Asker: 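A single structure is presented below for examination.
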Amino acid sequence: MSELLNQIEMMIRILMFLLPAVPATVKITLLSFTLAVVLGIAGASGRMSRSKAAGIPAKIYINVARGVPLLVQIFFIYFGLGKLLNLDRLLAGVLAIGICYGAYISEIVRAGIQAIPRGQSEAAMSLGLSRFQLWRYILLPQAFRLIIPPLANEFIACLKDSSLVSIIGLRELTRAGTEYYSQHFVDFHTWFLVGLIYLTMTLSLTKAASILEKRFRIPGMGIH
Amino acid sequence: MPPIIEVENISKRYGDHQALDNLSISVDPGEVVVIIGPSGSGKSTLLRCLNGLERVDSGKVVVAGIPLDESTKNAHLVRLNVGMVFQQFELFIHLNVLENLMLAPMVVNRLAKTDAERIADYYLGKVGLRSKAKSFPSQLSGGEKQRAAIARALCLNPKIMLFDEPTSALDPEMTGEVLAVMKKLADEGMTMVIVTHEIGFAREVSDTVVFMDSGKIVESGKTADVLDYSRHPRTAEFLRKVLR
């Protein structure tokens, strides 16, 4: 009985140590994902542009950023560029994750926009909308509905991959786990709880995504 | 009055297919022109060249005094003067009917929301769709969709309306309501260029009928002349097939 109580007490102690690091994980995830969405839209519009001046840089960006391991990008940006540009840990971490995920999201956005019938664009252009207005008012709102599921996937992956920045000493959830372990040498409980906190967050996101899908349902788009 | 649409010797090709072959046509203000012809004859391509959705390979297109050349700015200016109605309606599926109508006045003409709403409401009344303002396109019948699409184009107060087979995707019992709206527009003096297979409508509404085949204008003239006394055997043969 007292053994069980000891176990519970230890779990609570570890949790109390880990939970204060959760906001940092959330912050890194939100900042990098916001950057990734902006880069994703820019990358997709570049790739779909008729102008080579926009198309070629976009293609290079997408292929490089998704072709190099994220961990290597984090090292390169923090240790490589970071020394030159004097980037702090948070900025370097957010940049690395944002740039990498921006490449994946570019392709998701492009797929979403290419799924919209051409006639929608022609109607918008006939009404005098500029290319920017066409994207802003017609293509992105329609594509967004189509790409909520893969976008939610990327968001969840991004949350999990935020743990990689623990390696450059950014104090987030995984880093807190490492710290607790190295002070107390309790490995099973520590990593079980770290995993459980991540799982709680990702499952909440899954739920949020399905609410979003319902909320943004477009009648007659042919999807359910 | 000078013509409002001037097309001189335009050609357009898609790979091996000559869609438009050295074609010329002019349209006067207030004139209603119906273009007929077999499918693949270049009717839709010609129409799409009139608002810059397609660029010609050679020749000259001047609409409302604005030359449609390489410049995107001119294409934009032309589109402010030209409304277009499509076979598949192309209402924006993520917006309701009212929002479909208000979008261009707000975004392109930068009108305040209340002003855009007033204009949209006026044209919805005109096509008899006030009660459907809050409906989404998917909740409308084909005829209602096309009337909404016409109202949407009218919201920018265009000088010219282009119709690309506006009733071809409709069930027969719905073509009447769309043609009635178009007739009303014609009666009000709108310049209209209409690609259609509705010969009866052409006879009733149009001033001019143009018969196209293989990217060329085979015959054009006053509606009754072309329909009843076609000079060209190809026209007569086409009309016989369509009217049977």
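Every value quoted in this text rests on a predicted model; they were computed, and no experiment measured them. Lettering follows sequence order; numbering is per chain, from 1. Quick note: numbers below take in every heavy atom, side chains included, and nothing from hydrogens, waters or symmetry partners.
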Asker: With a 4.5 angstrom heavy-atom cut-off, could you sort out which part of B:F92 is near chain A: side chain, backbone, both or neither?
Answerer: both
Asker: Are there over 12 heavy-atom neighbours, none belonging to B:K159, within less than 6.0 Å of that residue's NZ?
Answerer: no
Asker: What part of B:R48 gets closer than 4.5 Å to chain A, counting heavy atoms only: side chain, backbone, both or neither?
Answerer: side chain
Asker: Heavy-atom cut-off 4.5 Å, strictly under: side chain, backbone, both or neither for B:V78 against chain A?
Answerer: neither
Asker: Do you know the tightest heavy-atom contact between B:E90 and A:A123?
Answerer: O-CB, 3.6 Å
Asker: Please state whether the side chain, the backbone, both or neither of B:L77 comes within less than 4.5 Å of a heavy atom of chain A.
Answerer: neither
Asker: May I ask you to test the B:I93-A:I116 pair for a side-chain heavy-atom distance under 4.5 Å?
Answerer: no
Asker: For B:Y14, I'd like to know if atom OH has over 12 heavy atoms of other residues, nucleotides or ligands within 6.0 Å.
Answerer: yes
Asker: For chain A, which of B:L91, B:T72, B:L162, B:V85 has the most heavy-atom pairs under 4.5 Å?
Answerer: B:L91
Asker: Heavy atoms only, distances under 4.5 angstrom: which of A:S130, A:P117, A:G128 has the most pairs with chain B? Name it, please.
Answerer: A:G128
Asker: For the residue pair B:R79 and A:M125, what are the closest heavy atoms and their distance?
Answerer: CD-O, 2.9 Å
Asker: Give the intermediate values and the outcome of side chain to side chain contact (heavy atoms under 4.5 Å, CB included) for residues A:L127 and B:V107.
Answerer: CA-CA 10 Å; A:L127 286 167; B:V107 169; over 6 Å; no
Asker: Taking atom CZ as the centre, does A:F79 end up with more than 12 heavy-atom neighbours from other residues, nucleotides or ligands that are less than 6.0 angstrom away?
Answerer: yes
Asker: Please say whether more than 12 non-hydrogen atoms of neighbouring residues, nucleotides or ligands are located less than 6.0 Å from NZ in A:K52.
Answerer: no
Asker: Drop me the distance from B:E54's CD to A:E122's CD, to the nearest 0.5 angstrom.
Answerer: 7.0 Å
Asker: Tell me if a side-chain donor or acceptor on B:H94 pairs with a main-chain N or O of A:Y137 at a distance below 3.5 Å.
Answerer: yes
